[in-house]
Number of protein chains: 2
Amino acid sequence: MKYNQVTIKDIARELGISPSTVSRALKDHPDISPETKKAVNELADKLNYQPNIVALSLRQSKTNTIGVIIPELVHFFFSTVISGIEDVAYSAGYNVIITQSNESLQREKTDIKALFNSRVDGMLISVSRETSNFDHIDNILAKGVPMVFFDRVYENSNSSRIIVDDLSGAKEATLHLIEQGCKRIAHLEGPPNLEITKQRLEGYKQALQEHNIPIDPSLIVACPLGTIEEGKKATEILLAMDEKPDAIFATNDPAAMGSMQAIKEAGLKIPQDIAIVGFSNWFFTALLDPPLTSVDQPGFEMGQEAAKLLIRQIEVKSKNHDVELQPETKVLKTRLIVRDSSLKKGKKK
Amino acid sequence: MKYNQVTIKDIARELGISPSTVSRALKDHPDISPETKKAVNELADKLNYQPNIVALSLRQSKTNTIGVIIPELVHFFFSTVISGIEDVAYSAGYNVIITQSNESLQREKTDIKALFNSRVDGMLISVSRETSNFDHIDNILAKGVPMVFFDRVYENSNSSRIIVDDLSGAKEATLHLIEQGCKRIAHLEGPPNLEITKQRLEGYKQALQEHNIPIDPSLIVACPLGTIEEGKKATEILLAMDEKPDAIFATNDPAAMGSMQAIKEAGLKIPQDIAIVGFSNWFFTALLDPPLTSVDQPGFEMGQEAAKLLIRQIEVKSKNHDVELQPETKVLKTRLIVRDSSLKKGKKK
DNA sequence: GAAGTCACCGCAATCGGTTGCTAATATATA
DNA sequence: TATATATTAGCAACCGATTGCGGTGACTTC
């Protein structure tokens, strides 16, 4: 939009010098005399000159903008990640364009194209629930666009990625339930396409195996959407079994909440009858009744790390076109936040 | 970032024609022969030509980007608004840059400057809790940047705005409590700078007056941050009174939740001893124990309306530089969602 | 056969800023 | 005084796309 902004030419005209001299004076170029610099800077201040970023972007073939694709903004975890991204990006002088795939592959495809067309300098991506084919991403990667994945990553790319240690987190959660004396621990499994789903399932299994508890497939119930409703339904199925589970480890917090609803409606007590652990530590989990034990994922930190990695990649590339940075994988630690929903034995430690 | 993208010149060179002809051919200009158009379009398809948006922005002095400033992304309400904004913006061909003030005036100032420097075509703003001086906004408004405020608006500007009917919503909530037989209804008041705080307080007062209930200043407790902790503390003060309130209408949901915690810890029952109503209908309010009655604000719709208004303003302005659109104020209806936390008399209707 | 008409296309300026190269002036040196 | 050197600043091209205007060639018309 044209705001009648002052340009370098306005300053040049006013001082009777050329635009190039003004440009150099503003950047403290040694070719320019101190007097000229002084005059230029004073007038620039007076007129409140602000360089036109669009012109700069065109000239330098660099927009100082990074694009972000996330599944859904309204998820506490993702909005926390965004805050982390913005934190790092803004202090490094980058703008952030956020797009939501709404868990739709179709939307993800158009998002990534739109970001590419906007000539963002790089992208931060967490793929949608539906994404099992990655051609649209390979396409853009092939053009040399720096890309860093976070949380829900593209496994087979050799891009950098920031993940949390889902396996350990899930294992720790399950071990905690075992330690509380639970014998029949069910698992609400998440969207099958996502690596995080597999990791959490694997962590669950490993914990059981370590304690020689047989893995009962009927105790693993699918929640491909990971919603409250699904968690509730899945739990109702579990409650209808002859041998009910005495604990549930859910792939995420909404599913865990659905579980809690189903259990309460069945007239059972949490954690006495059935203990529950969720995943993500959504901020309201502490406010549920009973407060929900959950595996905390450091969202803000994940955003920060992802942005840092991407920006480093961008800057290396713009300096030296040939050097390719080795892809890095950064694994962030999870932390089990124990609350009442899983404490059969009462507080420990 | 330079992606070795094909440009109009590449196509021109390949076909042995001039860039201007390619440009016109791509836009179906009548001066160009059908054969040339066909050749150009085919080659453009083959090379997967995508126009450089940055160059277009510079040429047209229009970035097709709108900037958004919100207090905090992690608030359910605001992230819902963002989704509404993106919904409208993307289908109108606009990108969205989101910045968070984190409820800080200082940050709001730098955000607005950064957006201005990025030459966004317009801005959507919801001011921070701290904003009582609006010079930084007037500054930008004076340069002719289209601006629409939402939820937390700048009262004295003659910009368009989208608000919810906070007064009616608050009044309805209070009337509901009165109808439930409550006599001593307390109010947890929000950040004093915000107009929405005043409106909600006013709605509360009007409801009491209509039923000839005297307004007791000691029942109005300040929660200038509107956090859970504040709501809890404020409620503890109320519970320490000789004559305890029998209901609390909180300025927002976190404060209401703090209230619930304090009441439970005091061994009192909700709603039997004290009924509670919140404001905003955060999505997890339904999951609390008891589920919280709250005033629903249509966030998604608010985002849509704000974006629509802004884009209309931008497009009118870019077509006709002189015409100024009359500022509009759009008031969205709230809806009281009655849940157990306020039902002293049991379900009605 | 000269002038007019029309279809088609290219030149060059433009948006705002950057930068390699050159030019002009001043000063130092031979 | 003539030449070398340093200092300072301007010219012009460039990033990629758009667009007013002018030019070329073919065809029509009187």
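Numbered from 1 within each chain, the chains take letters A, B, ... in sequence-line order. Nothing here was measured: the structure is a model prediction, and the numbers come from that model.
- The phosphate of D/dT18 has OP1 or OP2 within less than 4.0 Å of a side-chain N or O from B/S23.
- Per the geometry, CZ belonging to A/R59 stands 13 Å off P belonging to C/dG17, to the nearest Å.
- Nearest nucleotide to the side chain of A/S33, out of C/dC9, D/dA17, D/dT8: D/dT8.
- The separation between A/Q5 atom CD and C/dG17 atom C1' is 14 Å, rounded to whole Å.
- Counting only distance, with no hydrogens or angles, the side chain of A/T21 and the backbone of A/I17 share no donor-acceptor pair below 3.5 Å.
- Of all nucleotides listed (D/dT18, C/dG17, C/dC11), D/dT18 comes nearest to the side chain of B/I8.
- Both A/S18 and B/T7 sit near DNA chain D, but only A/S18 has its closest nucleotide nearer the 5' end.
- Backbone-only contact: A/T36 has heavy atoms under 4.0 Å from sugar-phosphate atoms and none from a base.
- In the model, A/S128 has a side-chain atom that pairs as donor or acceptor with a side-chain atom of A/T131 under 3.5 Å.
- Rounded to an integer number of Å, the gap from NZ of B/K62 to P of D/dT18 is 14 Å.
- When rounded to the nearest whole Å, the span between CG of A/N117 and P of D/dA17 equals 11 Å.
- Atom CG in A/N52 sits about 7 Å away from atom P in C/dG16, given to the nearest Å.
- Here B/K9 reaches the OP1 or OP2 of D/dC15: one of its side-chain N or O atoms lies under 4.0 Å away.
- Remark: A/H136 engages no residue in a ring-ring contact (aromatic ring centres under 6.0 Å, His included) (not counting sequence neighbours).
- Considering only side-chain N and O atoms, B/Y49 lies under 4.0 angstrom from the phosphate OP1 or OP2 of D/dA17.
- Side-chain atoms of A/R119 and B/I53, non-hydrogen and from C-beta on, never get closer than 4.5 Å to each other.
- Listed by chain and number, the residues in a side-chain hydrogen bond (donor to acceptor under 3.5 Å, both in side chains) with A/E130 amount to none (sequence neighbours excluded).
- The distance from atom CD1 of A/I11 to atom P of C/dG16 is 13 Å, rounded to the nearest whole Å.
- For A/K109, there are no salt bridge (charged side-chain N to carboxylate O under 4.0 Å, His left out) partners, not counting sequence neighbours.
- Axis angle, first five pairs versus last five pairs of the helix from C/dG1-D/dC30 to C/dA30-D/dT1: 80°, rounded to 10°.
- The ring-ring contact (aromatic ring centres under 6.0 Å, His included) search around B/F134 returns B/Y154, not counting sequence neighbours.
- The 5' end of DNA chain C is approached more closely, in terms of each residue's nearest nucleotide, by B/I17 than by the other of A/Q50 and B/I17.
- Checking A/S33 against A/T36 by side-chain atom types alone, a donor-acceptor pair falls below 3.5 Å.
- Here C/dG10 is the nucleotide among C/dG10, C/dC8, D/dG10 with the atom lying nearest to any side-chain atom of B/T21.
- As rounded to whole Å, 13 Å separates atom C1' of C/dG10 from atom NE2 of B/H29.
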Check the interface with nucleotides 20-27 of chain C: list each N/O to N/O pair with the protein under 3.5 Å, or write none.
unit_1, atom_1, unit_2, atom_2, d
C/dG20, O6, A/R24, NH1, 3.4
C/dG20, O6, A/R24, NH2, 2.8

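- Rounding to whole angstrom units, CD of residue B/Q60 and P of D/dG16 are separated by 17 Å.
- Between the side chain of B/D87 and the backbone N or O of B/S83 there is no donor-acceptor pair closer than 3.5 Å.
- In this structure, the side chain of A/D121 engages the main chain of A/T63 through a donor-acceptor pair within 3.5 Å.
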